[in-house]
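These notes concern the structure reproduced below.
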Amino acid sequence: MATDDLTTEEIGTRLVGYASQMAALTARFLELLAEFDRRGGWSGEGIMSCAHWLTWRTGLSIRTAQEHLRIAHALPELPLLRQAFAEGRLSYSKVRALTRVATPEREEELLNVALSATASQVERLVQSIRNVDRHKDESERGTIDSSSSWSWNFDGSLSVKLRLSPLDGARFLAGVVRAEYERTRTAGDPDLPTEPAPDEDTPDVTKKSPGHPGSADLWRNVPSDITPAVVAMGDTMQSTISVPEFVPGAELVVHTHDDADPHLDDGPALEDAEVDEAACGGAVRKVKHGKKRKGARGIVLNYGRKRRMPTRKVMRVLFERDRCCQHPGCGRTRHLHAHHVQFWSQDGPTNPDNLILLCSAHHRALHRGEFAIKARGRQQFSFHRPDGSTIERAPAVHKPDGWQPDTAIDDDAVLPISPGRHLNAGYATEVLYAAWAWKARQSDADLAAA
């Protein structure tokens, strides 16, 4: 029946039914994936891991593929979750969250909560459990692990979250105070301490009030708003610390186009005033793009110098063009090598038409003969198996022959048992830990009795 012939209610019912089928089929997919990985069925043709194979053959991102593998290998140890997943009663989103904290001792209680909660409620509960576990582990070890995260927001701003150990936090705040001093001081400032404060042990020391030139109290306190000082710290590091080679991320890279707004490297668009401001600050590198033409990549730079090691300019060209290892499905961004497709020993030139970025693992595999690369001209390349056949960048994906929906899966299996019920993550966490503590005591008592 065509979609236009369905009522809105019928469409909603089918969406829920299909979601239940998708959950059950995903459970089967992950079961097969774990076995495929155990057998090493992914090896060959320069494929470095099962996640790499998934990325190449099924079009998943490397992070999604790695997450699928994590869950696939976790589920065999969690039979209750695995069964509910296979029956379509747990969505993939719930299973993905639960397997981060579930153990054979915990899964029964977690399953009961998940069956009655939404995916977002399960995520909040799991995050609460992870925080408790982390704090408990840190308490037992007597140490705190510093951690951080960052992300670009939709409005173009950058969000940074830090959780620092006491010592790391003190180091950070000390740097903030120094950065604030450097940011705000001006020549001739009456409050600028030009001489060190007198030694407290000197008998005739003259006490000076806070704010007086040379006072030991100057710049003692951390500013309430540390944003300007942190930005100043970044400017200072960018302009004073040099790196020996081209290091993506160590420069402020601004892309400009003939037919588009300038933007940060892998970041948001910039106003012209912001570009000018950046140019006046630390080390800034502008990457000029021309208008895109048919068959062109937007970067038309060719440095045909007769030297084996690419210049920094050529390395920047390669990075702007490739960004990651170019083996189909790899995508690694670290430890990249500039490989001469036509070997240097065979008169291969050191220019972008003959250079391609490979990760260290694929560079090694290439020289072992696991695959080959051909230069097609105009900075185009193709990858080939030892028999000469082409390794496709993105192989076609099609459904298995003869597959039909599983009639044993209820149409509404994926729906929560009590949809819309409020879940207090903090209270639920306390109850779960109390239940797990009781089970642990019972287990200890049983062992003692035996």
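Along the sequence shown, the residues carry numbers beginning at 1. Only heavy atoms go into these numbers, but all of them, side chains included; no hydrogens, no water, no symmetry mates. Keep in mind it's a predicted model, so treat the numbers as computed, not measured.
Counting non-hydrogen atoms of other residues, nucleotides and ligands closer than 6.0 Å to CE of M48 gives a total above 12.
Smallest separation of non-hydrogen atoms from G369 and P386: O-CG, 3.8 Å. Between R106 and Y433, the shortest heavy-atom contact is NH2-OH, 3.7 Å. The two residues C330 and C359 make their nearest non-hydrogen contact at SG-SG, 4.0 Å. Scanning both residues, L90 and A114, for their nearest heavy atoms gives CD2-CB, 3.9 Å. Here the closest heavy-atom approach between residue A23 and residue F85 is recorded as O-CE1, 3.2 Å. Of all heavy-atom pairs between E123 and S93, the closest is OE2-O, 4.3 Å.
With hydrogens and angles left out, the side-chain atoms of T118 and S120 include a donor and acceptor closer than 3.5 Å. For the residue pair W436 / E105, no side-chain donor-acceptor distance below 3.5 Å is found, with atom types taken as modelled. For the 3.5 Å distance criterion, the side chains of E87 and Q83 qualify, holding a donor opposite an acceptor.
Here L80 pairs with E107, E108, L111 under the side-chain contact (heavy atoms from CB on, under 4.5 Å) rule; sequence neighbours left out. Residues satisfying the ring-ring contact (aromatic ring centres under 6.0 Å, His included) test with H337, not counting sequence neighbours, are H363.
Judged by distance alone, with hydrogens and angles left aside, the side-chain atoms of S443 form no donor-acceptor pair with the main-chain N or O of K439 at under 3.5 Å. Listed for the S157 side chain is no donor-acceptor partner under 3.5 Å among the backbone atoms of N153.
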Practice item. Applying salt bridge (charged side-chain N to carboxylate O under 4.0 Å, His left out), run through E35 and R39 and close with a yes or a no. Key: CA-CA 6 Å; E35 182 63 23; R39 296 184 184 185; 2.9 Å; yes
Review point. What's the verdict on salt bridge (charged side-chain N to carboxylate O under 4.0 Å, His left out) for E31 and R38, showing C-alpha distance, side-chain angles and the deciding distance?
Key: CA-CA 11 Å; E31 180 182 356; R38 280 191 288 269; over 6 Å; no
Review point. Would D446 and Q442 count as a side chain to side chain donor-acceptor pair (under 3.5 Å) if you check the C-alpha gap in whole Å, the side-chain angles of each, and the deciding distance to 0.1 Å?
Key: CA-CA 6 Å; D446 293 341; Q442 290 295 111; 5.2 Å; no
Exercise for review: Might you work through the side chain to side chain contact (heavy atoms under 4.5 Å, CB included) test for F29 and L25, ending with a clear yes or no?
Suggested key: CA-CA 6 Å; F29 171 86; L25 191 57; 5.7 Å; no
Practice item. Could you check R100 against E67 for salt bridge (charged side-chain N to carboxylate O under 4.0 Å, His left out), going step by step and ending with a plain yes or no? Key: CA-CA 10 Å; R100 297 188 185 119; E67 189 75 344; 3.6 Å; yes
Exercise for review: With side chain to side chain contact (heavy atoms under 4.5 Å, CB included) as the test, would you mind laying out the steps for L366 and F371 before giving the verdict?
Suggested key: CA-CA 6 Å; L366 172 73; F371 63 92; 3.7 Å; yes
Point to revise | From CA spacing to verdict: salt bridge (charged side-chain N to carboxylate O under 4.0 Å, His left out), D168, R171 | key: CA-CA 5 Å; D168 289 346; R171 288 169 175 162; 3.1 Å; yes
Review point. Stepwise, does the ring pair (Phe, Tyr, Trp, His ring centres under 6.0 Å) test hold for H362 with H339?
Key: CA-CA 10 Å; H362 278 116; H339 169 69; over 10 Å; no
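In this structure, the side chains of R82 and P76 come closer than 4.5 Å at one or more pairs of heavy atoms.
Between Y92 and H68, the two ring planes are perpendicular [angle over 60°; tilted spans 30° to 60°].
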